[in-house]
Q: 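Have a look at this one.
Ligands are counted one by one from 1 in listed order, and the atoms in each one are counted from 1 as well. All values below were derived from every heavy atom in this structure, side-chain atoms included, with hydrogens, water molecules and symmetry-related copies excluded.
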Amino acid sequence: MTTTSSTNRPSQPRRIFADYAATAPLRQEAIEAMEQAQHLLNPAGHYASGRAARAVLEEAREQVAELLGCDPVEVIFTGSGTEADNIAIQGLAFASRRLRGATAVVSSGIEHPAVLESVQWLTHLGFEHREWAVDQHGRVDTDTDLLDTDDVAVATCMWANNETGNLQPIEAITQRRAQHRRQGSSHAGTVPFHIDAVQAVGHVPVNFHALGVQTLAASAHKFGGPKSAGILLARRDAQIDSPLRGGGQERGLRSGTANPQAAAGVAAALAASYKTMEQDHARVTRLRDHVAQAARGIDDVRVWTQEPALPGHLHVSFPGAEGDSLIMLLDVAGVDASTGSACSSGVNRASHVLTAMGVPVDVARGALRITLGPGTTDEDARRIAGLLPEVVAQARAAGMAFGDKSTR
Ligand code: PLP
């Protein structure tokens with residue numbers, strides 16, 4: 001598809017959005033649901049407009065609960081995935097310390113900053129961090145005995161990595177916990193466990209009750225819902241001392257006036273993503289594989305995305321190229337892509353995920369993440385695949401011209 005301008009300039013090919021792991025465009029269903037809900041007022045109000053707002057909020061809660069396999073009371077609407085991670089990890093840790101004197105926190109080095117920073121904050125508050133080892137694909141060790149001691153206050157693990165797209169062995173972890181619970185002897189089955197499922201929800205089926213964990217975080221803008229709208233699933237019996245204090249809304253876990261408009265958008269986007277999940281999965285995988293094939297044809301490429309992985313993710317490194325050169329050249333060519341590492345400062349640093357996987361810093365710096373989604377077309381994938389060899393060659397030439405910056 002092309003766009004033409006009124007000033008007779010040559011038509012430009014349309015821009016391609018290939019950064020779905022950062023955020024997905026709003027789904028039409030979410031736009032419509034939020035438009036309908038836009039005039040709603042205070043859902044806590046004991047009057048007609050309050051009841052109307054509350055009805056929309058509770059309907060959204062029921063819909064989310066049904067889709068994610070839990071009870072409506074276990075759905076907490078939050079201000080973001082980050083907020084859901086913070087409330088869960090800190091809240092479980094604080095309650096474990098208060099109730100059992102437990103002070104150890106278990107997590108791996110490949111987590112998103114929403115988790116890494118929560119864990120680090122806990123260490124400033126007297127908790128001890130225990131590192132959960134990962135293999136060269138960033139997958140945690142399921143045979144670990146880190147979860148087997150009484151002093152673990154909270155353990156946390158992401159479902160899908162935001163950079164590589166690689167899925168964690170969540171099923172193996174939860175089966176092991178269930179086995180320990182059945183045996184009734186070990187603490188391992190009952191350690192408060194949080195899953196950061198921000199990249200997974202809306203892309204792979206999730207059944208919260210089947211997981212047997214205490215909490216799970218999701219974020220609407222990753223599946224076509226509004227930004228700054230998260231979901232925290234928290235079991236009824238989970239002991240959580242929320243770090244967020246206030247009016248006690250959302251079971252006392254997320255104080256603050258609830259947002260029925262956002263909740264309506266969250267539920268509509270989640271329902272829409274479940275409706276087309278299977279067909280999207282197959283189509284997006286095919287397009288991603290087409291781009292991956294082009295990347296694999298480039299000299300000395302390293303491919304970090306390894307199955308089982310999210311369908312839209314392709315995370316690679318081209319040693320000799322700088323990640324920021326790769327995305328700048330793609331940007332000029334009309335493609336929105338990313339290096340993958342969560343960085344708000346704009347400085348290209350080696351990804352902490354890749355270095356935790358054992359990737360040398362100079363290789364990690366040449367990372368490129370292309371993430372496709374339901375809006376990606378066959379033509380988009382063909383264009384990205386066609387652009388890659390030249391973009392990498394130019395970035396490598398620039399890398400040679402400027403020398404090795406990694407030692408500066
Ligand atoms: N966890 C993971 C794995 C993520 O990818 C992200 C966002 O990129 C977050 C947490 C934070 O989500 P939000 O942007 O809703 O705060």
Q: Which heavy atom of the protein is the closest neighbour of atom 1 (N) of ligand 1, given with residue, atom name and distance?
A: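 It is D196 OD2, 2.7 Å.
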Q: Starting from atom 16 (O) of ligand 1, locate the nearest protein heavy atom and write down its residue, its atom name and how far away it is, to 0.1 Å.
A: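 The protein heavy atom lying closest is T82 OG1, 2.5 Å.
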Q: Can a side-chain donor-acceptor contact be found between H194 and T215 if the only test is distance below 3.5 angstrom?
A: yes
Q: Between V392 and R396, is any pair of side-chain heavy atoms under 4.5 Å apart?
A: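 Side chain of V392 against side chain of R396, heavy atoms only: contact under 4.5 Å found.
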Q: Measuring from non-hydrogen atoms of H221 to any atom of ligand 1, is the shortest distance under 4.0 Å?
A: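 It does; at least one heavy atom falls under 4.0 Å.
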Q: Measure the spacing between CD of Q214 and CD1 of I240 and express it to the nearest 0.5 Å.
A: 8.5 Å
Q: Below 3.5 Å, N or O to N or O, backbone or side chain included: is there any such pair between N162 and ligand 1?
A: no
Q: Does any N or O atom in G81 lie less than 3.5 angstrom from one in ligand 1, N or O only?
A: yes
Q: Does even one non-hydrogen atom of E83 get within less than 4.0 Å of ligand 1?
A: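 It does not, in that no heavy atom of E83 comes within the 4.0 Å cut-off of ligand 1.
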Q: Kindly say whether G109 contributes a backbone atom to a donor-acceptor pair with the side chain of E131 at under 3.5 angstrom?
A: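 A pair under 3.5 Å: yes.
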Q: Just checking, any donor-acceptor pair under 3.5 angstrom between side chains of S273 and H203?
A: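 No.
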Q: Who gets closest to atom 6 (C) of ligand 1 by heavy atom: E111, K227, H112?
A: H112
Q: Describe, in one word, how the ring planes of F193 and W132 are oriented to each other, choosing from parallel (under 30°), tilted (30 to 60°) and perpendicular (over 60°).
A: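 Rings of F193 and W132: perpendicular, as their planes differ by over 60°.
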Q: In the protein, what heavy atom is nearest to atom 8 (O) of ligand 1, and what distance, to one decimal place, separates them?
A: K222 NZ, 2.6 Å
Q: I'd like to know if R61 pairs up with E66 as an ion pair, taking the criterion as any Lys NZ or Arg NE/NH1/NH2 lying under 4.0 Å from an Asp or Glu carboxylate oxygen.
A: no
Q: Taking atom types as modelled and ignoring hydrogens, do the side chains of T371 and H313 form a donor-acceptor contact shorter than 3.5 angstrom?
A: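 Distance-only check fails for T371 and H313.
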Q: Provide the number and element of each atom of ligand 1 under 4.0 Å from a heavy atom of M158.
A: 3 (C)
Q: Identify the closest protein heavy atom to atom 15 (O) of ligand 1: which residue and atom is it, and at what distance?
A: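 Checked against all protein heavy atoms, atom 15 (O) of ligand 1 sits closest to S219 OG, 2.6 Å.
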Q: Considering only heavy atoms, does N161 approach ligand 1 within less than 4.0 Å through its side chain, its backbone, both, or neither?
A: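 Neither part.
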Q: Any side-chain heavy atom of V73 sitting closer than 4.5 Å to one from R251?
A: yes
Q: With a cut-off of 4.0 Å, which atoms of ligand 1 are near a heavy atom of D85?
A: 1 (N), 10 (C)
Q: Tell me: protein heavy atom nearest atom 5 (O) of ligand 1, and distance?
A: Q199 NE2, 2.8 Å
